[in-house]
Amino acid sequence: MTSSPEPRISVVSPVRNVARYLPDLLAALAAQTLPADAFETIVVDDRSADATPELLRAWEAAEPLRRRVLRGEGLGPATARNLGVAAARAPWVAFTDGDTIPDPRWLEALLAAGADADAVEGAVLRWPPDAPRTRVHTVENTRGGLYVTANMAYRRALLERLGGFDERFRAAFLEDSDLAFRALDAGARIPFAADAVVRHRVLERTSRQTIRDARKLQWLPLLQAKHPRRYAEEIRPILRPLTRPEWHVLVGLAALPVLGVRGAPRAVAALAALNAVRVVARDPRLDVAPRERPGQAALAAVLPLVKAAWWTRGWARARLEERR
């Protein structure tokens with residue numbers, strides 16, 4: 001078997017159960033304006049349970065010199081990306097996800113922007129652009145400064161020097177911010193390339209998925225412990241464990257046991273509980289069909305408690321690691 005020339009850039013994409021979206025990603029990569037022999041694609045299947053493995057086997061077999069499929073251990077995207085980086089041959093490594101659609105000039109624009117840089121941050125647009133903004137999961141980055149791995153590229157030498165992604169982040173949450181912060185603290189220059197565009201699907205979230213997603217908050221204290229200044233200046237203004245309405249709900253839930261106490265404490269607890277009911281009633285998730293409102297009201301009431309529990313767990317773990 002003859003070897004292919006060394007590529008200019010390697011694309012690394014961790015995927016898990018994305019059979020529904022994977023064909024669009026693979027087609028978009030095949031349509032890149034960068035010459036075919038100038039890039040390779042490494043997809044890390046992180047233990048998918050749907051048709052993803054079958055799709056990837058056929059895709060790899062079509063061009064085995066430029067396409068590789070690696071098997072992850074189900075330990076999350078940080079670990080999967082590190083596996084892909086270790087296998088990459090190019091001096092640049094670009095990252096995207098299984099539910100994205102890169103524009104044809106994506107790789108070409110990343111390389112152009114990275115001529116005098118150590119890493120490049122590309123634009124991430126919602127797809128479709130007119131999708132609803134409630135009860136969905138999406139990623140959007142139109143002005144830079146977010147460093148989301150739906151569209152980032154790093155020099156491989158920098159990734160190796162930094163030790164790659166911190167594998168303690170076991171979900172697709174803040175592991176990209178941590179890597180970018182470490183790169184910036186090491187003196188890396190990371191420009192924003194508005195013309196290097198990736199479109200990220202807007203995915204509907206059920207109540208069960210929303211509750212499950214709350215577990216990601218356990219990694220927020222880890223980021224805060226590693227980057228206290230950047231956390232305060234760059235993360236806290238846009239991301240907090242609980243929103244102000246959720247704090248009102250949490251206080252109302254905490255007041256419920258006090259309702260059985262006589263006197264002033266019960267009056268204060270009653271006010272807190274009533275305020276929580278008012279906040280839940282105004283939750284935008286209740287702007288749905290009447291038959292769905294009880295479930296959404298329950299979600300608005302329970303979610304703050306679940307989020308607080310996961311954040312507390314992460315805080316305790318971070319404090320324990322600090323003492324070691």
Side-chain angles (χ1 to χ4, degrees), residues 14 76-79 81-82 95-97 100 117-126 133-134 136-154 158-159 162-194 198 200 205 210-248 250 303-322:
T79 302
R81 290 193 195 100
N82 284 343
F95 297 102
T96 194
D97 300 326
T100 65
D118 305 290
V120 179
E121 179 183 17
V124 182
L125 308 182
R126 291 163 45 90
R133 290 186 174 269
T134 58
V136 298
H137 164 72
T138 190
V139 176
E140 189 172 22
N141 183 15
T142 58
R143 291 186 288 183
L146 299 181
Y147 314 111
V148 293
T149 39
N151 189 359
M152 281 291 299
Y154 287 87
L158 175 61
L159 291 171
L162 295 174
F165 291 87
D166 187 336
E167 297 181 2
R168 289 177 294 176
F169 293 92
R170 296 287 293 274
F173 186 67
L174 301 175
E175 82 290 355
D176 44 11
S177 298
D178 169 65
L179 177 63
F181 290 168
R182 285 187 282 129
L184 291 167
D185 289 344
R189 179 174 175 268
I190 308 179
F192 177 68
V198 163
H200 194 288
R205 309 304 285 170
T210 300
I211 291 291
R212 188 171 64 238
D213 285 347
R215 71 178 58 190
K216 294 179 179 180
L217 286 173
Q218 66 183 296
W219 289 289
L220 190 58
L222 173 59
L223 186 77
Q224 182 179 7
K226 294 186 68 175
H227 309 279
R229 180 184 64 81
R230 290 190 180 276
Y231 173 84
E233 296 176 358
E234 302 181 43
I235 299 298
R236 185 173 171 80
I238 61 174
L239 174 65
R240 300 195 180 198
L242 294 168
T243 64
R244 181 174 296 180
E246 287 173 334
W247 272 112
H248 286 299
L250 195 62
L303 187 58
L305 186 61
V306 176
K307 292 172 71 174
W310 280 114
W311 180 88
T312 301
R313 175 175 175 172
W315 179 86
R317 183 191 297 127
R319 297 291 82 74
L320 182 62
E321 290 183 356
E322 281 184 348

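Residues: numbered from 1 along the sequence shown.
For Arg168, the side-chain contact (heavy atoms from CB on, under 4.5 Å) test picks out Asp166, Leu222, Lys226, Glu321, with sequence neighbours left out. By the ring pair (Phe, Tyr, Trp, His ring centres under 6.0 Å) test, Tyr231 pairs with no residue at all, sequence neighbours left out.
The closest donor-acceptor contact from the side chain of Glu121 to the backbone of Tyr147 lies under 3.5 Å. For Asn82 (side chain) and Phe165 (main-chain N/O), a donor-acceptor pair under 3.5 Å exists by modelled atom type. In terms of modelled atom types and a separation under 3.5 Å, the side chain of Glu175 and the main chain of Phe173 share a donor-acceptor contact.
Residues Ile211 and Leu303 have side chains in contact (heavy-atom distance under 4.5 Å, counting atoms from C-beta outward).
Note: Leu125 CG to His200 NE2 = 11.5 Å, rounded to the nearest 0.5 Å. Within the model, atoms CG of Asp176 and CG of Leu146 stand 9.0 Å from one another, a figure rounded to the nearest 0.5 Å. Note that the CZ atom of Arg205 and the OG1 atom of Thr138 stand 11.0 Å from one another [nearest 0.5 Å]. Taken from OG1 in Thr210 to NE2 in His137, the straight-line distance is 11.0 Å, to the nearest 0.5 Å. To the nearest 0.5 Å, atom CZ of residue Arg170 and atom CH2 of residue Trp219 are 7.0 Å apart.
Of the candidates Thr149, Leu184, Leu159, Leu179 forms a side-chain contact (heavy atoms from CB on, under 4.5 Å) with just one, namely Leu159.
Around atom CH2 of Trp247, no more than 12 heavy atoms belonging to other residues, nucleotides or ligands sit under 6.0 Å away.
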(request) Evaluate side chain to side chain contact (heavy atoms under 4.5 Å, CB included) for Gln224 paired with Ile235, printing each intermediate quantity in order. (result) CA-CA 9 Å; Gln224 182 179 7; Ile235 299 298; over 6 Å; no
(request) For the pair Leu242 and Trp311, evaluate side chain to side chain contact (heavy atoms under 4.5 Å, CB included) and give the outcome as yes or no after the intermediate values. (result) CA-CA 9 Å; Leu242 294 168; Trp311 180 88; over 6 Å; no
(message) Working note: Leu158 + Leu162, criterion side chain to side chain contact (heavy atoms under 4.5 Å, CB included); need CA distance, chi angles, decisive distance, verdict.
(response) CA-CA 6 Å; Leu158 175 61; Leu162 295 174; 3.8 Å; yes
(request) Would you check, one step at a time, whether the test side chain to side chain contact (heavy atoms under 4.5 Å, CB included) holds for Thr96 with Asn151? (result) CA-CA 5 Å; Thr96 194; Asn151 189 359; 5.7 Å; no
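Sequence neighbours left out, the pairs with a member in residues 230-243 that pass salt bridge (charged side-chain N to carboxylate O under 4.0 Å, His left out) are Asp185-Arg230, Arg229-Glu233, Arg230-Glu234.
Closest non-hydrogen pair, Val198 versus Ala150, comes out as CG1-O, 3.7 Å. Across every non-hydrogen atom of Ala232 and Pro237, the tightest pair is O-CD, 3.5 Å. When all heavy atoms of Ala214 and Lys307 are compared, the pair lying nearest together is CB-CG, 3.8 Å. Summarising the geometry of Ala180 relative to Ile190, their closest heavy-atom pair is O-CD1, 4.3 Å, with the distance given to 0.1 Å. Here the closest non-hydrogen pair linking Ala119 and Tyr154 is CB-CD2, 3.5 Å. Between Pro191 and Ala117 the shortest heavy-atom distance is CD-CB, 3.4 Å.
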